[in-house]
There are 2 protein chains.
Amino acid sequence: MKLSRKCEYAFLALIDIAQHSDELVKISKISERQNIPKKFLEQILLMLKGSGYLTSRRGANGGYKLATDSEEITVAEIIRLFDGALAPVGSASENFYEETPIEEHEELLSIFKEIRDYVAEKLENTTIADLIEN
Amino acid sequence: MKLSRKCEYAFLALIDIAQHSDELVKISKISERQNIPKKFLEQILLMLKGSGYLTSRRGANGGYKLATDSEEITVAEIIRLFDGALAPVGSASENFYEETPIEEHEELLSIFKEIRDYVAEKLENTTIADLIEN
DNA sequence: ATGTTCTCTATCAATTTAGTAGTCTTTAGA
DNA sequence: TCTAAAGACTACTAAATTGATAGAGAACAT
């Protein structure tokens with residue numbers, strides 16, 4: 001797993017929106033506060049909305065808010081949405097499995113599966129709510 | 001960290017060479033046994049040699065062998081050589097640090113640092129010798 | 001000499017990444 | 001009802017990375 005910019009921005013945006021849960025948050029506000037290119041951010045929010053994490057309202061006074069409680073959005077889900085597999089190699093992935101050369105080599109493969117297990121367990125048990133400082 | 005083909009092939013080649021430590025192993029033999037495109041494999045072996053993991057002899061009866069004991073080559077080193085950082089994000093990397101957007105966000109960053117620590121510890125303590133079945 | 005084998009550099013097509021651009025649709029409020 | 005504000009949607013693009021391939025050269029054994 002290697003985090004793309006898009007995914008990093010997605011986290012910053014989700015955290016920003018979660019921290020302003022009493023209002024509809026505008027793209028331009030998130031863009032300013034988190035230093036994310038606005039047009040790029042649009043696409044990211046659209047993806048998050050498309051996957052059910054956000055709802056929005058258009059027009060004057062429009063903006064975004066969380067569709068669900070911030071405790072129900074895990075870090076793992078967001079990474080899988082933007083960057084795919086958590087495992088270091090396709091053949092060790094459960095959700096994004098694909099054949100790769102080392103597959104036949106059990107010893108090597110099992111190391112990467114252990115890493116996958118650790119990472120998945122950790123990220124599936126961390127939510128956006130956990131990321132908000134109080 | 002996401003393993004490239006090149007890196008996967010490098011592991012298979014190192015293991016193959018380690019398993020034939022009594023002889024000079026030819027590129028073409030590794031290519032056949034491990035199903036690695038020959039010209040691609042050449043580059044990989046050259047990198048491994050350049051970094052001091054292999055020595056070679058040219059000409060008839062030439063080939064490659066390990067420059068050091070297989071117990072002294074760690075999985076971590078090889079991944080760092082071919083794919084760079086073990087950490088999931090540049091700002092959490094010790095060896096390949098770079099600035100990234102989430103950097104300011106301590107809570108998020110610390111999660112990725114924990115992953116980096118686990119992965120580094122594990123891969124630094126696994127050597128090519130550990131990968132050879134007996 | 002000759003064939004074998006490693007060495008080195010260049011090139012390349014496809015994919016991914018990190019955006020930018022422009023148009024359309026919806027909404028609130030004057 | 002007009003208008004400005006804001007999200008929705010689609011297309012495009014430049015640069016980097018990936019996964020190779022190509023070909024000429026140098027060293028070595030026989």
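Both backbone and side-chain heavy atoms feed into the values below; hydrogens, waters and symmetry mates do not. Below, read A as the first sequence line, B as the second, and so on, with proteins coming before strands; counting in each chain starts at 1.
Close to C:dA18, at under 4.0 Å from its OP1 or OP2, lies no side-chain N or O of A:Tyr9.
No side-chain heavy atom of B:Asn61 sits less than 4.5 Å from a side-chain heavy atom of B:Leu24. Side-chain contact between A:Thr127 and A:Ile73 is absent, with no heavy-atom pair separated by less than 4.5 Å.
Where DNA chain D meets chain A (any atom under 4.0 Å from a heavy atom), the bounding nucleotides read 5' to 3' are D:dA5 to D:dA11.
Nucleotide C:dT27 holds its P atom 15 Å from the NZ atom of A:Lys26, rounded to whole Å. Rounded to an integer number of Å, the gap from B:Met47 CE to C:dT9 C1' is 15 Å. In this entry the distance linking NZ of B:Lys2 with P of C:dT15 reads 15 Å, nearest Å.
Across all non-hydrogen atoms, the minimal contact from A:Ala13 to A:Leu45 is CB-CD2, 4.0 Å. The minimum heavy-atom distance between A:Ile115 and B:Lys122, with the atom names listed, is CG1-CD, 3.9 Å.
Classification of the A:Tyr118-B:Tyr118 ring pair by plane angle, with boundaries at 30° and 60°, yields parallel.
Summary of the strand contacts: A:Leu3 and B:Ile27 both lie near DNA chain C, and taking for each the nucleotide with the nearest heavy atom, the more 5' one is attributed to B:Ile27.
Listed by chain and number, the residues in a ring-ring contact (aromatic ring centres under 6.0 Å, His included) with A:Tyr97 amount to none (sequence neighbours excluded).
Within residues 32-46 of chain B, the residues having any heavy atom closer than 4.0 Å to DNA chain D are, in order of number, B:Pro37, B:Lys39, B:Phe40, B:Gln43. Across residues 81-103 of chain A, not one residue has a non-hydrogen atom less than 4.0 Å from an atom of DNA chain C. Residues from residues 52-70 of chain B lying near DNA chain D, meaning a heavy-atom separation below 4.0 Å, are B:Arg58, B:Gly59, B:Ala60, B:Asn61 in numerical order.
Applying the side-chain hydrogen bond (donor to acceptor under 3.5 Å, both in side chains) test to residues at least two apart or on different chains, the pairs with a partner in residues 70-90 of chain B are B:Ser4-B:Asp83, B:Tyr53-B:Glu77, B:Thr74-B:Glu77, B:Arg80-B:Glu124.
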